[in-house]
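All remarks here apply to the structure that follows.
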Amino acid sequence: FELRPAILDDVGLPAAVRIYAERFTKRSGIRVDLECPPELGLRSPVAEASLFRVIQEALTNVAKHAGAASVRVMLERTPEGVVLDVADDGCGIVQEQLALALTRHATSKIASLEDLERVATMGFRGEALASIGAVSHARILSRTADSEAAWEIHNRGGAISEVQAA
């Protein structure tokens, strides 16, 4: 497991994301529409690697859980930092499960202490959104096909909001 993928040093974050998205589409059959400027102005190699890993995890979750045909990944530099927006045309997360998606160690993949110890060595696996939200502002906005409204929840530096109508 590479902590910093070599591709980031070879081509930079925007190009690495484009290459990863192309390979993801070939593997999964899910179309990725990528909006990313040629330069994001990140000076930290750790920030670049973290953002790349978050995008990998988001696309993996789309492939495993969403049943989506396409996903849009948008990276944008703002005065406050970098905004990553991932939106898919999949099945959505039901209102009752939104808080669970932001809760540490809430994954159904963990059945024992041994499972948890193995997961801890693999980075975000099983708790990506909780990990991301602990150091940023993560927002989940979701609407299922049988729901009349969309619902949202926020994780701001580890403080999880109540689920509310969007």
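Here the structure is a predicted model, which means the values were calculated and not measured. These numbers come from the heavy atoms of this one structure, side chains and all, not from hydrogens, waters or symmetry mates. Throughout, residue positions are numbered sequentially from 1 according to the sequence presented.
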CH2 of W151 to CD of Q97, rounded to nearest 0.5 Å, is 14.5 Å
Check: L75 and L51 side chains under 4.5 Å, non-hydrogen atoms: yes
Those residues at least two apart in sequence (or on a different chain) that pass side chain to side chain contact (heavy atoms under 4.5 Å, CB included) with A68 are V62, A66, D88, D89
So, do L98 and S142 sit near enough that their side-chain heavy atoms are less than 4.5 Å apart?
yes
Step by step, work out the side-chain contact (heavy atoms from CB on, under 4.5 Å) result for E35 and V73. CA-CA 6 Å; E35 298 174 29; V73 176; over 6 Å; no
Q.
Starting from L34, can I reach I19 by hopping between I/L/V/M/F/W/Y residues whose side chains sit under 4.5 Å apart?
A. yes
Between D85 and the options R72, E76, R139, the side chain to side chain contact (heavy atoms under 4.5 Å, CB included) test singles out R72
message = When you group the ILVMFWY residues by side-chain heavy-atom contacts below 4.5 Å and let the links chain together, are V11 and V82 in the same group?
response = yes
Student check: side-chain heavy atoms of I140 and I93 closer than 4.5 Å: yes
When rounded to the nearest 0.5 Å, the distance separating OG1 of T60 from CZ of R53 is 10.5 Å
Hey, quick one: are L141 and V54 part of the same hydrophobic cluster, counting side-chain heavy atoms closer than 4.5 Å, chains of contacts allowed?
no
d(I153 CD1, E162 CD) to nearest 0.5 Å is 7.5 Å
In this structure, CD of E48 is separated from CG of D9 (nearest 0.5 Å) by 8.0 Å
Taking only distance into account, with no hydrogens and no angle test, what donor-acceptor pairs under 3.5 Å do side-chain atoms of residues 24-31 form with protein atoms, sequence neighbours excluded?
{"residue": "T25", "atom": "OG1", "partner": "A21", "partner atom": "O", "Å": "3.1"}
{"residue": "T25", "atom": "OG1", "partner": "I30", "partner atom": "O", "Å": "3.0"}
{"residue": "T25", "atom": "OG1", "partner": "V32", "partner atom": "N", "Å": "3.4"}
{"residue": "S28", "atom": "OG", "partner": "F24", "partner atom": "O", "Å": "2.7"}
{"residue": "S28", "atom": "OG", "partner": "I30", "partner atom": "N", "Å": "3.1"}
{"residue": "R31", "atom": "NE", "partner": "D33", "partner atom": "OD1", "Å": "3.1"}
{"residue": "R31", "atom": "NE", "partner": "D33", "partner atom": "OD2", "Å": "3.4"}
{"residue": "R31", "atom": "NH2", "partner": "D33", "partner atom": "OD2", "Å": "3.1"}

- Message: Let's go through E152 and R143 carefully: what are the C-alpha distance in whole Å and the side-chain angles of both, what is the deciding distance for side-chain contact (heavy atoms from CB on, under 4.5 Å) to 0.1 Å, and is it a yes or a no?
- Response: CA-CA 9 Å; E152 69 179 340; R143 183 176 149 280; over 6 Å; no
Query raised in the report: So, the side chain of R18 versus the backbone of C36: is there a donor-acceptor pair under 3.5 Å, distance only?
Result: yes
Taken in chain and number order and not counting sequence neighbours, the residues that satisfy ring pair (Phe, Tyr, Trp, His ring centres under 6.0 Å) with Y20 are F52
Please tell me whether V163 and V94 are part of a single hydrophobic cluster in this structure, the criterion being side-chain heavy atoms less than 4.5 Å apart. no
